[in-house]
Amino acid sequence: MENKWFNILVPIISVLIGLFAGALIMLFFGYNPIQGYIALFKGAFGDLYFFGETIRQTTPYIFTGLAVAFAFRAGLFNIGAEGQVIVGWLAAVWVGTTIDAPMYIHLPLALLVAAIAGALWGFIPGLLKAGLGVHEVIITIMLNYIALYSSNAIIRSILTENADKTDMVAPTASLASEWLANTTYFSRMHYGIFIAILAAVAMWFIIERTKLGFELKSVGYNKHASKYAGMSVKRNIILAMVISGLFAGLAGSMEGLGTYGNMTASSGFSNIGFDGIAVALLGANNAFGVVLAAFLFGALKVGALNMPTQAGVPNELVDIIIALIIFFVASSYLIRWIILRFKREGK
Amino acid sequence: MSFMELLQSVIPTALFYSAPLIFTALGGVFSERSGVVNIGLEGLMVMGAFVGIVFNLTFADVFGAWTPWVSILVAMGVGAIFAIIHALASVTFYADQVVSGVAINFLALGVGIFLTKQWYDKGQTDMVTQPFYTTDIPVLADIPLIGSVFFQGIYPTSYVAIFLAFVSWYILYKTPFGLRLRAVGEHPMAADTNGINVYKMRYIAVIISGAMGGLGGSVFALTIAFNFSHATIVGQGFMALAAVIFGKWHPLGAMGAALFFGFAQSLSVIGGGIPLLEDVPQVFLLIAPYVLTILALAGFIGRAEAPKANGVPYIKGNR
């Protein structure tokens, strides 16, 4: 019971300390923190347009947060969500631009292919970890760069003729929604948010209500005990990475079929995958927590864009705040440990 | 293009691209040998690049031609201080070292761009006026054949990097300090029982990695990028991390790996002019370092064995 309380308290305290630190930084550089945060709030929820954009940003964060959280549950650190997002994005746009089919086939197909691409990109580190014991962190970092450079090359030489941008996906593969856009003053909000919520429910169901979920958690807690109990540790490690990659691949499809409708060759990462790490940590690796954390980070990121114009504060302040939140969540183990220890001694 | 001309264009470029990687990778070796995983190398390089550029822009009039050298020293100092955050989280607070490293990366970029906007009112700084320039190394440049390939038109920082690799090897493998540092990374409890202060050693190692990462980032900024923006350091830190592993956590191995990665990068830059390679799509040269690292880890190119206690927080009294 107590543990549950800590799981809820620690993220909340971390966010508050992060925001407080942000306020101190604003004070230090001569800004008015209250004005700064009002600008942030208005930029995230000020009117329906901003709200739509916040939801738009939340959508891929839910997916990458679920991806990282799912792997965490099995004791794996999927720092490669970024690369899985890229291959998912590319796969979705590839299907969306080249295939001609009615919507009820085209859209699900594009989503499915994106999920498979992400899953494959998660399968490689899963296999290497399970088979050879190679640490998944290094492999996934390397795969991020391979994904980035390869997809750039594919965009430039296969999907287009030396252009930096693919065509827009066919309307039959697009997640864009006229009524959602109209009701939110033409924000880029799209149907993806509903798929993201479904995915969160799916993750909750797999983790809490299935044998697979039980085994994954068990492997995450103690590999040796799980093996002794007759579970296949290798199979579970591979499955965890595959499902994790699947979520991240879908995050890419949200951008490819929803927000942008195409893909641009880029010299750097979108950071959706890396931000997913923060989302998962803050959400305590719990499906419901991930949705809340994704919403918070979506609001912070979108709201930040309003800070330079309304309060003169550079929007990177929010990146600093997010970094500090991660620090406090990560270092909270100490706090938690001390409190638990005191309680035990008090008894 | 004759073979000599080829070497003359490839080798200086390879040295030039590898120098920042060598510096940073050496830092990574120190940190990981002491048992602290350092995913934050990227962020340390970002910090180094930022400080190097800002110091250079601000003090170019004061130090004149010495500005780039003073800049990289200052970047080293700031990098070392910045790395204390990572040490604090991962050594004292037993935080997950990978998570803490990720936070370092976020924080460095956030702080760098925030301050850039604060001080220059735009997303990137101006171009520096006092970068490093290529020179001919005196005497050595006049050696026939070798001189023109290795010692003409070279950035002096490349040789500083190679020199530091040997210094690091000496420190890690030939001094009591190095032995203790490695012991702490292999078996902290045994080291502790023998009277070595595990926390202190790990702090020192992480701070060294911060100094070297800062050095690497500032050298990259002052030889290759010339200004600072969000796109200055994109992945060089992770490539240095790859060099650490590919070099099997050994300073000279890491240097070799960094030289090789620099070579691969230089090929992707000037590959168009080289026979045979001009037909190879650039993307294969770009991804080569990463693919090779994966193959190395998977055991196809010799087994890469990490220090035993790498990534495990040491909690006194726990078995």
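Scope of the values below: all heavy atoms of this structure, side chains included, with no hydrogens, waters or symmetry mates. Throughout, protein chains are lettered first and strands after them, A, B, ... in sequence-line order, and every chain is numbered starting at 1. Owing to the predicted nature of the structure, the values given are computational and were not obtained by experimental measurement.
In this structure, the separation between CZ on B:F284 and OH on A:Y149 is 15.5 Å, given to the nearest 0.5 Å. The line from CZ of A:F28 to CD of B:Q118 is 10.0 Å long, rounded to the nearest 0.5 Å. Atoms OG and OH, on A:S150 and B:Y290 in that order, are 11.0 Å from each other to the nearest 0.5 Å.
Contacts between A:I25 and chain B at a heavy-atom distance below 4.5 Å involve the side chain alone, from C-beta outward. Interface remark: A:V318 contributes no atoms to any contact with chain B (heavy atom separation under 4.5 Å). Within the 4.5 angstrom heavy-atom criterion, only side-chain atoms of A:I79, from C-beta onward, approach chain B. Proximity to chain A (any heavy atom under 4.5 Å) is shown, for B:I85, by both the backbone and the side chain. Residue A:F274 touches chain B through both its backbone and its side chain, counting heavy-atom pairs closer than 4.5 Å. Neither the backbone nor the side chain of B:V37 comes within less than 4.5 Å of any heavy atom in chain A. Residue A:I322 does not touch chain B at all, counting heavy-atom pairs closer than 4.5 Å.
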Open item on the list: One pair to check against side chain to side chain contact (heavy atoms under 4.5 Å, CB included): B:I294 and A:I146. What are the steps and the verdict?
Closed with: CA-CA 11 Å; B:I294 292 181; A:I146 296 174; 4.0 Å; yes
Task: side chain to side chain contact (heavy atoms under 4.5 Å, CB included) assessment of A:I326 paired with B:L107 - done: CA-CA 10 Å; A:I326 304 177; B:L107 190 63; over 6 Å; no
Task: B:K117 vs A:N315, side chain to side chain contact (heavy atoms under 4.5 Å, CB included): CA-CA, chis, key distance, verdict - done: CA-CA 9 Å; B:K117 284 191 175 166; A:N315 51 318; 3.0 Å; yes
TODO: Go through the steps to decide whether B:V234 and A:S267 satisfy the test side chain to side chain contact (heavy atoms under 4.5 Å, CB included), and finish with yes or no.
DONE: CA-CA 8 Å; B:V234 276; A:S267 62; 5.6 Å; no
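Counting all heavy atoms, side chain and backbone alike, A:M142 lies closest to B:F238 at CE-O, 4.0 Å. Listed here is the closest heavy atom pair of A:I320 and B:G110: CG1-C, 3.6 Å. For the residue pair B:G235 and A:Y145, the shortest heavy atom distance occurs at CA-OH, 2.9 Å.
For A:K234, the NZ atom is loosely surrounded, since the number of other residues' heavy atoms within 6.0 Å does not exceed 12. Around atom OH of B:Y199, more than 12 heavy atoms belonging to other residues, nucleotides or ligands sit under 6.0 Å away.
Options A:I124, A:D319, A:L317 differ in how many heavy-atom pairs under 4.5 Å they form with chain B, and the most are formed by A:L317.
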Between side-chain atoms of residues 98-105 of chain B and protein atoms elsewhere (two or more places apart, or another chain), which donor-acceptor pairs fall under 3.5 Å?
unit_1 : atom_1 : unit_2 : atom_2 : d
B:S100 : OG     : B:H86  : ND1    : 2.7
B:N105 : OD1    : B:G43  : N      : 2.7
B:N105 : ND2    : B:I39  : O      : 3.2

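A:D275 meets the side-chain hydrogen bond (donor to acceptor under 3.5 Å, both in side chains) test with A:Y61; sequence neighbours excluded. With sequence neighbours left out, B:N310 forms a side-chain hydrogen bond (donor to acceptor under 3.5 Å, both in side chains) with B:E32.
Relative ring orientation between B:F114 and A:F29 is described as perpendicular, the plane-to-plane angle rising above 60° on a 0-90° scale split at 30° and 60°.
For a heavy-atom cut-off of 4.5 Å, chain A lies close to no residue in residues 224-232 of chain B.
Counting only heavy atoms from C-beta outward, the side chains of B:L241 and A:I138 approach each other to under 4.5 Å.
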